[in-house]
Amino acid sequence: MAKVSVQERIQSENERVAAQNRAAFAKAGALVLNLVSSPGSGKTTLLEATLDRLPAAGLRSLVIEGDVSTERDLDRVKARGGDGVQINTGGGCHLSAQMVADVLGRLDLASADVVFIENVGNLICPSTYDLGEDAKVVLLAVTEGDDKPMKYPAVFHESSLAVLNKIDLLPHLAYDIAKAEREVAVLNPRCEILRLSALKGDGMDRWISWITARLAAKRGA
């Protein structure tokens, strides 16, 4: 009798639910971005800065916040005029497709052009779980080591865009940004790279343009 590992069953079930999520997002015509990073890389700050700029681009958004505990990040999103729901994993190191499916009924997907999923701060576990998103976006702050891509390759294999955040701090750090970019390119030549400072605004126009282009491509515009 063939043996099926527990992990294989978990992944198979996750992929089944992710396909259902993807169909729901497609029906609504919303672009879905799964933001992944280690803790402290600036995902919520990027969301705040993005929410400030999306209305000028004519785009509406929703946010699915993932965290181990607390609703602090969702509170920050709402303080910027955003709308969304919170998922607390209660100790889990990543979101699953089922967790996202469980909150979709609380969202008016038809009201959104873009849905952001802020995953739990972790560069390992989220890389292997499809949530039904259109693209994974990995954030890497320059306050982390410039060797992170090769140390955590899976998430870069799976990502469509690598955002190198906090570039305003580069003059104060011994961080080789060119090395980090080379490692991303070696791991995944299709992964685009964007230098950005969510706090200071550098690179935000290119980030909004990237979102707009991905949305247009999804809608066949």
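- Screening Leu47, Ile117, Asn119 against Leu35 for a side-chain contact (heavy atoms from CB on, under 4.5 Å) leaves a single residue, Leu47.
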| Can you list the steps and then say if Val115 with Leu33 is a side chain to side chain contact (heavy atoms under 4.5 Å, CB included)? | CA-CA 6 Å; Val115 177; Leu33 302 177; over 6 Å; no

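- Taking 4.0 Å as the cut-off between side-chain N and carboxylate O, Asp83 and Lys78 do not count as a salt-bridged pair.
- Atom NZ of Lys179 sits in a crowded spot, with more than 12 heavy atoms from other residues, nucleotides or ligands closer than 6.0 Å.
- When atom types are taken as modelled, the side chain of Asn188 and the backbone of Ser159 share a donor-acceptor pair closer than 3.5 angstrom.
- Looking only at distances, a side-chain donor or acceptor of Arg219 sits under 3.5 Å from a matching main-chain atom of Gly29.
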| query | Is there a side chain to side chain contact (heavy atoms under 4.5 Å, CB included) between Val77 and Glu48 once you walk through the steps? | reply | CA-CA 6 Å; Val77 166; Glu48 291 175 313; 5.7 Å; no

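- The pair Asp134-Lys218 meets the salt-bridge criterion, since a charged nitrogen lies less than 4.0 angstrom from a carboxylate oxygen.
- With hydrogens and angles disregarded, a donor-acceptor distance shorter than 3.5 Å links the side chain of Glu183 to the backbone of Met150.
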| Test log, rule side chain to side chain contact (heavy atoms under 4.5 Å, CB included), inputs Val63 and Asp73 | CA-CA 10 Å; Val63 177; Asp73 290 347; over 6 Å; no

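- No donor-acceptor pair closer than 3.5 Å links the side chain of Asn34 to the backbone N or O of Glu133.
- Taking the six-membered ring where tryptophan is involved, the planes of Tyr129 and His94 are essentially parallel, since the angle between them stays under 30° and well short of 60°.
- Applying the 6.0 Å contact sphere to CZ of Arg72 captures no more than 12 heavy atoms from other residues, nucleotides or ligands.
- Judged purely by atom type and a 3.5 angstrom limit, Asn165 uses its side chain to pair as donor or acceptor with the backbone of Ser41.
- Side-chain atoms of Asp146 come within 3.5 Å of backbone atoms of Asp176 as a donor-acceptor pair (strictly under, hydrogens ignored).
- Judged by distance alone, the side chain of Asn14 and the main-chain N or O of Ala97 form a donor-acceptor pair under 3.5 Å.
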| Leu54 vs Thr50, side chain to side chain contact (heavy atoms under 4.5 Å, CB included): CA-CA, chis, key distance, verdict | CA-CA 6 Å; Leu54 282 182; Thr50 303; 3.8 Å; yes

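- Judged purely by atom type and a 3.5 angstrom limit, Asn21 has no side-chain atom pairing as donor or acceptor with the backbone of Val100.
- Side-chain N or O atoms of Arg60 include one that pairs as donor or acceptor with a backbone N or O of Ser111 at under 3.5 Å.
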